[in-house]
Amino acid sequence: MPELPEVEIVSRGLARAMLGRRISGVKLNRLDLRFPLPQGFAARLEGRTVEAVGRRGKYIIASLSEGERLLMHLGMSGRFTIFPRHGKASSLGEFHFEESGGGIHDHVVFALDDGTRIVYTDPRRFGMMDLVPAAELASHRLMKGLGVEPLGRGLTPRYLACAFDGRIAPLKAALLDQRLVAGLGNIYVCEALFRSGLSPTRRAGTLVKDRKPDPRLRTLIKEIRSVLKRAITAGGSTLRDYAGTDGTSGAYQHRFSVYDRPGKPCVRRGCTGRVKRLIQSGRSTFYCPVCQR
DNA sequence: AGCTCGACCTGCACGC
DNA sequence: TGCGTGCAGGTCGAGC
């Protein structure tokens, strides 16, 4: 799935297509995504104007007229594709407008007043959508527990020291915990830890001394931001099914140092280690046991 | 409270 | 070719 960089790119793509547009119609092919779509979903969207599209963690939030907020998550395999009215230039290649949104996993289709269609496709249906009044967004059960934005001001060595203090969970697991930092996923945690020279198996609490941040936390934050920004610039990472809203693949997967490279030599200059794969809390971790400590 | 694991769902790559 | 197995970018909630 999409992690923060991929979600950010999708969010920008949606903003480009939807900003200032009125939703003229909504077609629901399936109501059962990760959670059932809320009552009256289509009717509550129709006629609303899109005033903003943004991201919080891995959630995309569209602000609609009359104070409605459309909350969306792509899960593992969710994807939005934008079909302009005269959709000939899309990188998806040739297609017919009438056929967009008719695929077996095309669950939701938004039609905009300028003829654009936006299709939500999600084979595994781990994604979700919900519609809530603006005033209730912050207290939404999926929003309220989210931690700081990794690219925002809130992520500081002091914050991480506070979050990690006393925790025996592996550093990898702590960074994947959306309640601490919102938006990191399996790929970019592996990559950021590699670049930081920190072992994913180290207990998170070992980077806190007397409630003060270990200097390596500053490096970790720097590398987290660096890897996320580079990935955004590269258009995200495409492993299987991620694509931007224009159907194009990302390119960051070609830049992985450790992710999905088990057995390959460590790319750090002078390091003789090989990338190792192990399972942590049910998910693959890739790292160099020699230079990550 | 913190942590791990199973469950959710489909598709694909692999080995036999 | 066909089938079984394991794996996949996430995260919620049960159970220890």
Side-chain angles (χ1 to χ4, degrees), chain A residues 1-11 29-37 55-60 71-80 103-107 120-130 140-147 150 162-193 200-206 208 227-228 231-232 234-244 249-256 258-263 277-286:
Chain A
M1 160 243 140
E3 304 184 28
L4 186 150
E6 293 78 28
V7 176
E8 176 65 28
I9 287 159
V10 171
S11 167
N29 296 324
R30 266 196 97 127
L31 304 172
D32 55 335
L33 300 185
R34 168 129 210 219
F35 309 111
L37 289 170
R55 178 192 60 73
R56 173 78 176 98
K58 296 173 196 168
Y59 290 89
I60 297 169
L71 181 62
M72 300 169 279
H73 195 290
L74 302 172
M76 293 277 265
S77 57
R79 154 176 181 173
F80 282 101
I104 184 166
H105 296 305
D106 294 344
H107 308 311
Y120 178 69
T121 310
D122 186 357
R124 295 177 75 177
R125 304 204 314 282
F126 287 174
M128 59 82 59
M129 293 189 196
D130 199 5
H140 190 283
R141 65 188 188 93
L142 301 174
M143 291 280 101
K144 64 182 180 201
L146 289 181
C162 196
F164 289 172
D165 196 14
R167 297 192 64 162
I168 62 166
L171 186 52
K172 164 93 182 307
L175 289 171
L176 281 177
D177 187 341
Q178 304 294 300
R179 295 169 302 180
L180 305 183
V181 181
L184 299 179
N186 208 29
I187 293 176
Y188 300 109
V189 165
C190 289
E191 293 296 308
L193 285 172
T201 62
R202 150 199 293 278
R203 291 179 173 196
T206 61
V208 186
V227 79
L228 293 178
I232 291 171
S237 302
T238 297
L239 269 57
R240 275 153 274 281
D241 40 19
Y242 163 75
S249 295
Y252 197 75
Q253 66 278 9
H254 303 303
R255 313 254 275 274
F256 292 162
V258 287
Y259 187 83
D260 209 16
R261 302 186 68 248
R277 172 178 180 266
L278 59 84
I279 304 294
Q280 289 181 291
S281 43
R283 329 235 3 228
S284 286
T285 295
F286 301 91

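Residue numbers start from 1 in every chain, and the chains themselves are labelled A, B, ... in the order their sequence lines are given, proteins ahead of strands.
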Whole-Å distance between [N] [atom2] and [X] [atom1]?
{"X": "A/Asn186", "N": "C/dT11", "atom1": "CG", "atom2": "P", "result": "11 Å"}
{"X": "A/Asp165", "N": "B/dC3", "atom1": "CG", "atom2": "P", "result": "12 Å"}
{"X": "A/Met76", "N": "B/dA7", "atom1": "CE", "atom2": "C1'", "result": "13 Å"}
{"X": "A/Leu171", "N": "B/dC3", "atom1": "CG", "atom2": "C1'", "result": "15 Å"}
{"X": "A/Leu175", "N": "C/dT11", "atom1": "CG", "atom2": "P", "result": "14 Å"}
{"X": "A/Asp177", "N": "C/dG10", "atom1": "CG", "atom2": "P", "result": "13 Å"}
{"X": "A/Arg261", "N": "C/dC7", "atom1": "CZ", "atom2": "C1'", "result": "19 Å"}
{"X": "A/Leu184", "N": "C/dT11", "atom1": "CG", "atom2": "P", "result": "10 Å"}

Start at the 5' end of DNA chain C and walk down; is the nucleotide closest to A/Arg283 or to A/Arg277 reached first?
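The residue mapped nearer the 5' terminus is A/Arg277.
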Return the set of residues passing salt bridge (Lys or Arg N to Asp or Glu O under 4.0 Å) with [X] (not counting sequence neighbours), or none when no residue passes.
{"X": "A/Arg125", "value": "A/Asp32"}
{"X": "A/Arg56", "value": "A/Glu149"}
{"X": "A/Arg167", "value": "A/Asp177"}
{"X": "A/Asp260", "value": "none"}

Can you name the side-chain hydrogen bond (donor to acceptor under 3.5 Å, both in side chains) partners of [X], sequence neighbours left out?
{"X": "A/Arg283", "answer": "none"}
{"X": "A/Arg202", "answer": "A/Thr206"}
{"X": "A/Ser11", "answer": "none"}
{"X": "A/Thr285", "answer": "A/Lys172, A/Gln280"}

Base, sugar-phosphate alone, or nothing: which one does [X] contact when heavy atoms must sit under 4.0 Å apart?
{"X": "A/Tyr259", "value": "sugar-phosphate"}
{"X": "A/Pro170", "value": "sugar-phosphate"}
{"X": "A/Leu176", "value": "nothing"}

Between C/dT5 and B/dA7, how far is it from one P atom to the other, in whole Å?
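Result for the P pair: 16 Å, nearest Å.
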When you compare B/dC9 with C/dC3, how far apart are their P atoms, in angstrom units rounded to a whole number?
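The same atom, P, in both gives a distance of 23 Å.
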Pair pattern of DNA chain B in dot-bracket, where unpaired bases get dots and | marks partners in another strand, Watson-Crick or G-U under 3.5 angstrom:
.|||||||.|||||||
Would one find more than 12 heavy atoms of other residues, nucleotides or ligands at under 6.0 Å from atom CD1 of A/Ile279?
yes
Sort me out a list of protein N/O and nucleotides 13-16 of chain C N/O pairs below 3.5 Å, or just none if empty.
none

Is the backbone N or O of A/Asp122 less than 3.5 Å from a side-chain atom of A/His107, with the two atoms forming a donor-acceptor pair by type?
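Indeed, once roles are kept as given, a pair shorter than 3.5 Å links the two residues.
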Which residues pass the ring-ring contact (aromatic ring centres under 6.0 Å, His included) test with A/Tyr259, sequence neighbours left out?
A/Phe256, A/Phe286
I want to verify a distance call: between B/dC3, C/dA8, C/dG10, whose nearest atom is closest to the A/Ser284 side chain?
C/dA8
Can you check each nucleotide of nucleotides 9-14 of chain B against protein heavy atoms at under 4.0 Å and return B for base, S for sugar-phosphate only, - for none, in 5' to 3' order?
BBS---
Within the pair A/Arg167 and B/dC3, is there a side-chain N or O less than 4.0 Å away from OP1 or OP2?
yes
A/Arg79 vs A/Thr121, test: side-chain hydrogen bond (donor to acceptor under 3.5 Å, both in side chains). Steps then yes/no.
CA-CA 5 Å; A/Arg79 154 176 181 173; A/Thr121 310; 5.9 Å; no
